[in-house]
Amino acid sequence: MTQSRKTKVGIIGGGPSGLLLSQLLDLKGIDNVVLEKHSRDYVLGRIRAGVLEHGFAALMREAQCGERMDREGEIHEGFFIAHDGVKDRVDLHKHTGGNSVMVYGQTELTRDLYEARDKMGGEVIHEALDVTPHDLTSDAPWLTYRLGDDQYRIDCDYIVGADGFHGVSRKSIPKEVLTEYEKVYPFGWLGVLSRTKPVSPELIYAKTERGFALCSLRSQVLSRYYIQVPLTDRVEDWSDEAFWAELKARLPQDVAEALITGPSIEKSIAPLRSFVAEPMRYGNLFLAGDAAHIVPPTGARGLNSAASDIYYLYHALMDHYLKGDDAGLESYSEKALARVWKAQRFSWWMTSMLHSFPENSTYDRRLQQTELEYLMSSEAAMTSLAENYVGLPF
Ligand code: FAS
Ligand code: PHB
C-alpha cells in the first residue's frame, strides 16, 4: 500500500545544493521535502570542496547556517601560484576592491545545513531508494520512493533535481530535449587529508613539469593536499610516503622543506571533467548543482556553481509563492547557465594553465608557459583571475 502526501517543492538529493535550498525555502514558509538516497553519515563522509565564494558565504548566513563557518572558517585575501621554483601571490583583495574567499570544508558546511534542518524540523528523508520523478510536464508532478519495502508518493508543485552527477533527475529528461557538453581531462587528482599543520597560511597552486599540485587546508590542524596523477593510477598504488615525496618534488624548495607530513586520514582519486547539461529546466523539474554541471576542481568552482543555481531557484520560487510572479522560474535555466558557463571557462582556463598534458606539443607547452608569464605581468589578467576566483556577481 503506497502512503501519499503533498508538498510544494520536492527536492531530490541531500547534498549542499538540496539542503541549502530546503533551508532557504523553509525560512520563507515554503513547504518542501528532501529525499536523500544515502545515510547522513555516508553523505558527511565525503571529502570535497574547500573554498567558498563570498556570495556563497552570504547565502549561508541568509540561511541562518553561517555561524560556525564565520567562527571556524578562514577569510583568505590571496593565494599563491608556484612555478619554476618560485611563488607568486595572487592578491584577491587588491584586484577585487576588497573581496576575499572563505576557506571552510564542504563536509562542515553540509553538517551545518543538516543541523539547521533538524533545528527547524525540516524533512530530510534518508535512505530513500528508487526515487522516481513522474509527470514532469504536467501541473501536478509527483515523486515515488521506498524506505525498505514501504512505498511512498509525494505530490509536488515543483521538483528540484539536486542529486549530483550520477543522480536520477537529469536522466529523467528525454534525450531529445537535453544537450550535453563534456570535456574529459587525461588525468585526475589524488587528494590526501592529514591532521597536520598546513604548510602555508594561503593556498598554493603549483605548476611543474612533473604535474600539478595544490596545498590547501580545512583548519590550522587539518591539511588538504592534491597531486595530478594519470587516469590509470589507483589510490592503492600510492603509499603515504610516496605521496609526500611526490608532493615535495612539486613544491618550491623552501615550501617542501617546511612541509609537515603525517598519516593520511582520507585518500582518494577524483577524475577531472567539464560537463554541462542544457536546459536546466524540463516542465516542472529544475536541475541544480552537480546534477547539471561539473567542473575540474582547479578553479574551486564546483560547489560555488551549485550555490548560484540555488540562489536563482530560491528567489524564483519565493517570487512564485509570495508574489505570484513566475518570471524567475521562466528565466531560471537561461540565467543559471549564463553564470555556469563563466565558471566552466574559468575552471578550464586554470586547469589548462597549471596541469601538465602528456600529449601537448612543444608549441602547446610554450604557449602554456606564456599564459602564466602574461598573467604574472598583467594587472588586467590578474584582475580577471581574481574576480572569477572570489566569485562573479549572482
Ligand atoms: P552532491 O553530489 O554533493 O549531492 C547530491 C546528493 O544527491 C548526494 O548526497 C547523493 O547521495 C544524492 N543522490 C544521488 N542520486 C540520488 C537519487 N537517485 N535519489 C536520492 N538522492 C540521490 N568542488 C570544489 O569546489 N572543490 C573541490 O575540491 C571539489 N572536489 C570534489 C571531489 C569529488 C570526488 C567530487 C565528486 C566533487 C568535488 N567537487 C569539488 C565538487 C563538489 O563539491 C560538488 O560541486 C558539490 O558536491 C555539489 O553539490 P550538490 O549539487 O549538492 O551535489
Ligand atoms: C580544497 O581545499 O579541497 C580545494 C581548494 C581549492 C581548489 C580545489 C580544492 O581549487
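In this text the structure is predicted, and so the values were computed from the model without any measurement. Every number for a ligand or one of its atoms is a count from 1 in the order of the listing.
Between Gln106 and ligand 2 there is no heavy-atom distance shorter than 4.0 Å. Taking 4.0 Å as the cut-off, Trp189 counts as a neighbour of ligand 2 on heavy-atom distance. Residue contact check for ligand 1: Tyr226 places a non-hydrogen atom closer than 4.0 Å to it. Ligand 2 is approached by Arg48 to a heavy-atom distance shorter than 4.0 Å. Put simply, part of Leu214 is less than 4.0 Å from ligand 2, judged by heavy atoms.
Every atom of ligand 1 is numbered from 1 in the order shown, and the set under 4.0 Å from a heavy atom of Leu35 is 20 (C), 21 (N). When each atom of ligand 1 is checked for a heavy atom of Gly167 under 4.0 Å away, the hits are 15 (N). Using a 4.0 Å cut-off to heavy atoms of Val51, the atoms of ligand 2 that qualify are 5 (C), 6 (C). For ligand 1 and Ile12, the ligand atoms under 4.0 Å from any heavy atom of the residue are 19 (N), 20 (C). Counting the atoms of ligand 2 from 1 in the order shown, those under 4.0 Å from a heavy atom of Ala300 are 6 (C), 7 (C), 10 (O). Close contacts of ligand 1 with Val168, meaning ligand atoms under 4.0 Å from a residue heavy atom, involve 18 (N). Heavy-atom proximity to Ala300, at under 4.0 Å, picks out these atoms of ligand 1: 25 (O). Per-residue contacts place Tyr205 under 4.0 angstrom from the following atoms of ligand 2 (heavy atoms of the residue considered): 6 (C), 7 (C), 10 (O). For ligand 1, the atoms lying closer than 4.0 Å to a non-hydrogen atom of His38 are 11 (O). Within the listing of ligand 2, atoms 7 (C), 8 (C), 10 (O) sit less than 4.0 angstrom from a heavy atom of Pro297. Against a heavy-atom cut-off of under 4.0 Å, Gly289 is close to the following atoms of ligand 1: 51 (O). Shown in contact with Thr298 at under 4.0 Å from a heavy atom are these atoms of ligand 2, numbered in order with element: 10 (O).
At under 3.5 Å, not a single nitrogen or oxygen of Arg224, backbone or side chain, sits near a nitrogen or oxygen of ligand 2. Here's the thing with Pro297: none of its N/O atoms is less than 3.5 angstrom from an N/O atom of ligand 1. Of the N or O atoms in Leu203, none lie within a sub-3.5 Å distance of an N or O in ligand 2. Residue Arg46 places at least one N or O, backbone or side chain, under 3.5 Å from an N or O of ligand 1.
Aromatic pair Tyr225/Phe243: ring centres not closer than 6.0 Å. For Tyr389 and Phe79, the gap between ring centers is short of 6.0 Å. The aromatic ring centroids of Tyr332 and Phe286 lie less than 6.0 Å from each other.
With hydrogens left out, the protein atom closest to atom 42 (C) of ligand 1 is Gln106 OE1, 3.6 Å, a heavy atom. Protein heavy atom closest to atom 3 (O) of ligand 2, with residue, atom name and distance, is Tyr226 OH, 2.6 Å. In terms of protein heavy atoms, atom 21 (N) of ligand 1 is closest to Lys37 N, 3.2 Å. For atom 24 (C) of ligand 1, the nearest non-hydrogen atom of the protein is Ala49 CB, 3.2 Å. Shortest contact from atom 49 (O) of ligand 1 to any protein heavy atom: Pro16 CG, 3.5 Å. What sits closest to atom 34 (C) of ligand 1 on the protein, heavy atoms only, is Ala270 CB, 3.8 Å. Annotation: atom 12 (C) of ligand 1 to nearest protein heavy atom, Glu36 OE1, 3.2 Å. Remark: minimum distance from atom 1 (P) of ligand 1 to any protein heavy atom is reached at Arg48 NH1, 3.5 Å. Shortest contact from atom 14 (C) of ligand 1 to any protein heavy atom: Asp163 O, 3.0 Å.
Looking only at distances, no side-chain donor or acceptor of Asn388 sits under 3.5 Å from a matching main-chain atom of Leu385. Remark: the backbone N or O of Leu329 is not paired with any side-chain donor or acceptor of Lys335 at under 3.5 angstrom. Of the possible polar contacts, none joining the Asp163 side chain to the Leu287 backbone as a donor-acceptor pair under 3.5 Å is found.
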**Request:** Decide yes or no on salt bridge (charged side-chain N to carboxylate O under 4.0 Å, His left out) for Glu266 and Arg195, but give the supporting numbers first.
**Result:** CA-CA 10 Å; Glu266 192 273 349; Arg195 292 197 197 289; over 6 Å; no
**Request:** Before giving the answer on salt bridge (charged side-chain N to carboxylate O under 4.0 Å, His left out), spell out for Asp41 and Arg46 the whole-Å C-alpha distance, their side-chain angles and the decisive distance to 0.1 Å.
**Result:** CA-CA 9 Å; Asp41 286 348; Arg46 297 185 295 222; over 6 Å; no
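In this structure, Lys94 pairs ionically with Glu379, as a charged nitrogen and a carboxylate oxygen lie closer than 4.0 Å. Arg153 has a carboxylate O that lies under 4.0 Å from a charged side-chain N of Asp155, or vice versa, which qualifies the two as a salt bridge. The residues Arg218 and Glu74 are annotated as not salt-bridged, no charged nitrogen and carboxylate oxygen being separated by less than 4.0 angstrom. Arg68 and Glu115 are not joined by a salt bridge, as no carboxylate oxygen comes within less than 4.0 angstrom of a charged side-chain nitrogen. Using a 4.0 Å cut-off between charged nitrogen and carboxylate oxygen, Asp26 and Lys119 do not count as a salt-bridge pair.
Within the 4.0 Å heavy-atom criterion, neither part of Phe56 lies near ligand 1. Proximity of Ser17 to ligand 1, defined as any heavy-atom pair under 4.0 Å, is shared by backbone and side chain alike.
The side chain to side chain contact (heavy atoms under 4.5 Å, CB included) test with Pro133 is passed by exactly one of Asn284, Ile173, Val168: Val168.
For Lys207 and Phe212, the positive end is not near the middle of the six-membered ring at less than 6.0 Å and at most 45° from its axis. Taking the ring axis of Tyr158 as reference, the NZ or CZ atom of Arg281 does not stay both within 45° of it and closer than 6.0 Å to the ring centre. For the pair Arg170 and Phe165, the cation sits on the ring face: its NZ or CZ lies under 6.0 Å from the ring centre, inside 45° of the axis.
Compare Ala162, Gly13, Ser347, Ser216 by their heavy atoms: the one nearest to atom 5 (C) of ligand 1 is in Ala162. Taking each of Leu287, Val51, Asp290, Thr298 in turn, the one with a heavy atom nearest to atom 53 (O) of ligand 1 proves to be Asp290.
Nearest approach of Gly289 to Asp309, heavy atoms of both residues: N-OD2, 2.8 Å.
Contact check for Asp112 versus Tyr104: side-chain heavy atoms found under the 4.5 Å cut-off.
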